[in-house]
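Below: the structure, in structure tokens.
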Amino acid sequence: MKRVRISLSFIYLSLLCLLSAELFAATVEGVRLWRSPDSTRLVFDLDGPVDHKLFKLSGPERLVIDLKNSRFDAKTKDLKLADTPVKKLRYGGQKGGDLRIVLDLKHSVKPRSFALKRIDDKPDRLVVDLYNRQQQTEKSVEALLPAKSQRGKRDVVIAIDAGHGGEDPGAIGPGRLYEKTVVLKVAKNLANTINKEPGYKAVLVREGDYFIPLHKRPEKARAAHADLFVSIHADGFDNPKARGASVFTLSRRGASSKMASILASKENKSDLIGGVDRIQLGDKEEQLKKILVDLSMTSSMEASMDVGKRVLNEMGKVTHLHSKRVESAGFAVLKSADVPSILVETGFITNPSEAKNLNSLAHRTKLSKAIFKGINAYFQNRPPEGSFLAWKKQGRGTNYTIASGDTLSSIAQRYNVSVASIKKANQLNSSTIKVGQTLAIPTL
Ligand SMILES: [Zn+2]
């Protein structure tokens with residue numbers, strides 16, 4: 001009899017456990033907040049996937065997030081709300097075991113929410129983005145203005161993209177040194193170096209610790225009328241001995257090496273870690289595929305390889321190189337149709353001595369100067385039409401923009417110079433020229 005009673009109470013207990021597990025399908029275990037110039041991102045860590053609903057209430061402005069069968073077990077007092085649209089975060093249980101999170105707002109926002117699946121050491125997450133309407137319109141108006149110092153002498157614009165950010169730390173080095181932190185410092189240093197040079201203007205794609213989806217980064221460069229897009233990274237590998245910098249361009253036909261292929265898939269995971277709303281992304285993937293088969297991209301890919309080689313060459317003078325040639329692979333962040341783009345791995349953050357270097361201002365300055373030297377060598381040779389650099393170069397010779405039907409020999413004849421001298425002045429390896437391409441015509 002006694003044995004039966006024990007089993008019964010055991011069954012009863014088991015049932016109770018099952019019921020409470022059913023009741024609380026998920027627990028909110030952490031909350032983080034990231035502030036970017038045009039939005040605020042709240043990330044809720046969950047111990048499993050959960051259904052949620054998001055809606056706005058006004059008078060006063062509030063945002064309500066209902067999570068099915070969930071409970072809240074996270075600290076909120078460390079959230080830095082001062083510079084955000086959120087006044088206060090509250091939560092409470094609802095009838096039926098649902099969890100209600102309420103954000104009291106300082107002003108109206110455009111909210112978006114989406115779930116992020118568990119990946120690597122990141123748990124299931126719920127992302128709530130609060131877009132600041134006002135700032136977005138100001139930004140887009142500003143972006144419409146072309147960068148011009150003087151009429152016909154515009155600056156060459158370099159968009160510098162510090163990889164990762166926010167939820168996505170990138171590679172992690174000794175002493176929890178994050179790639180996202182180091183590369184932002186390199187990017188800012190490079191921007192300063194560029195802005196000191198007449199005829200150049202740097203634009204930072206990421207200015208702080210927040211995540212930008214990969215496809216948005218070249219979009220920002222295009223909106224700023226960039227002539228070049230440079231994505232800055234630091235490598236990571238299981239073996240701490242791996243070392244050296246490398247430069248990459250986009251490849252349409254597979255990767256140039258196994259190493260490049262592995263690196264591209266690692267870098268492309270950034271969206272899954274950093275957080276991208278797949279619905280908002282929509283048919284972007286399809287659009288990118290179309291862009292990639294567009295022939296207009298060929299010239300920007302050649303330009304990318306040209307600038308990449310020059311940057312790698314200069315970097316080789318100040319740091320060890322992981323690969324002596326520019327490698328190519330399918331990097332999502334480089335899929336820009338018309339802006340030449342390169343990805344620079346500044347070294348291995350997982351290598352103790354390179355991590356130390358990357359963490360030092362002196363080394364970062366050396367790296368930035370080398371990267372700029374490579375960029376400058378490229379633009380001195382091929383200054384964009386209407387730029388200050390082109391105007392300066394014109395003083396030393398003549399520029400000629402190739403029209404339909406032109407050949408190198410017809411241009412040489414017209415200016416009474418040799419084909420070889422034009423090739424030399426423009427560092428052309430073949431006689432192939434393209435409509436719209438600007439050639440420097442050497443003086444006799
Ligand atoms: Zn990276």
Side-chain angles (χ1 to χ4, degrees), residues 34 119-122 159-190 204-218 220-221 229-240 242-251 255-276 304 308 311-312 315 319-323 326-336 341-351 354-355 357-359 363-364 367-368 371:
W34 309 102
I119 180 167
D120 295 345
D121 57 346
K122 293 273 183 185
I160 308 163
D161 168 49
H164 313 276
E167 282 289 286
D168 175 18
I172 302 172
R176 298 203 70 74
L177 184 65
Y178 289 156
E179 177 185 355
K180 66 171 180 180
T181 315
V182 165
V183 295
L184 182 62
K185 286 180 181 172
V186 175
K188 285 183 173 170
N189 200 319
L190 178 58
L204 284 171
V205 172
R206 175 164 80 82
E207 293 163 62
D209 190 9
Y210 50 88
F211 185 73
I212 306 173
L214 294 177
H215 72 276
K216 286 248 183 226
R217 297 176 187 237
K220 280 178 181 271
F229 175 84
V230 184
S231 193
I232 308 279
H233 291 256
D235 234 324
F237 196 60
D238 298 337
N239 185 347
R243 64 173 182 143
S246 37
V247 175
F248 295 84
T249 61
L250 176 69
S251 165
S256 60
S257 68
K258 183 103 186 109
M259 181 269 281
S261 153
I262 291 170
L263 187 78
S265 53
K266 208 160 57 180
E267 295 292 5
N268 290 350
K269 244 163 85 177
S270 192
D271 274 352
L272 301 173
I273 301 165
V276 170
S304 306
V311 168
L312 188 70
M315 286 182 83
T319 189
H320 182 81
L321 293 183
H322 187 65
S323 174
V326 175
E327 303 268 356
S328 306
F331 290 93
V333 75
L334 299 182
K335 286 179 184 170
S336 166
S341 309
I342 56 169
L343 186 141
V344 177
E345 295 281 351
T346 48
F348 277 79
I349 201 167
T350 43
N351 177 304
E354 292 203 338
N357 275 343
L358 288 168
N359 208 16
H363 183 77
R364 287 196 300 265
L367 277 179
S368 304
I371 296 170

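Both ligands and their constituent atoms are indexed starting at 1 by order of listing.
Each salt bridge (charged side-chain N to carboxylate O under 4.0 Å, His left out) pair with one or both residues in residues 159-178, not counting sequence neighbours, appears once here: Arg32-Glu167, Lys122-Glu167, Arg125-Glu167, Asp161-Arg217.
If you look at the Zn ion (ligand 1), the protein N, O or S atoms less than 2.8 Å from it are His164 NE2, Glu179 OE2, His233 ND1, Glu267 OE1, Glu267 OE2.
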Could you please spell out the steps behind the side chain to side chain contact (heavy atoms under 4.5 Å, CB included) verdict for Leu272 and Asp120? CA-CA 10 Å; Leu272 301 173; Asp120 295 345; over 6 Å; no
Table please: side-chain donor-acceptor pairs of residues 258-265 below 3.5 Å, with sequence neighbours left out.
from, atom 1, to, atom 2, distance (Å)
Ser265, OG, Ser261, O, 3.2
Ser265, OG, Ile262, O, 3.0

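Side-chain contact annotation: His233 with Glu267, donor-acceptor N/O pair under 3.5 Å present.
Taking Phe211 as the reference, nothing meets the ring pair (Phe, Tyr, Trp, His ring centres under 6.0 Å) condition, with sequence neighbours excluded.
The 12-atom threshold is exceeded at CZ of Arg364, counting heavy atoms of other residues, nucleotides or ligands nearer than 6.0 Å.
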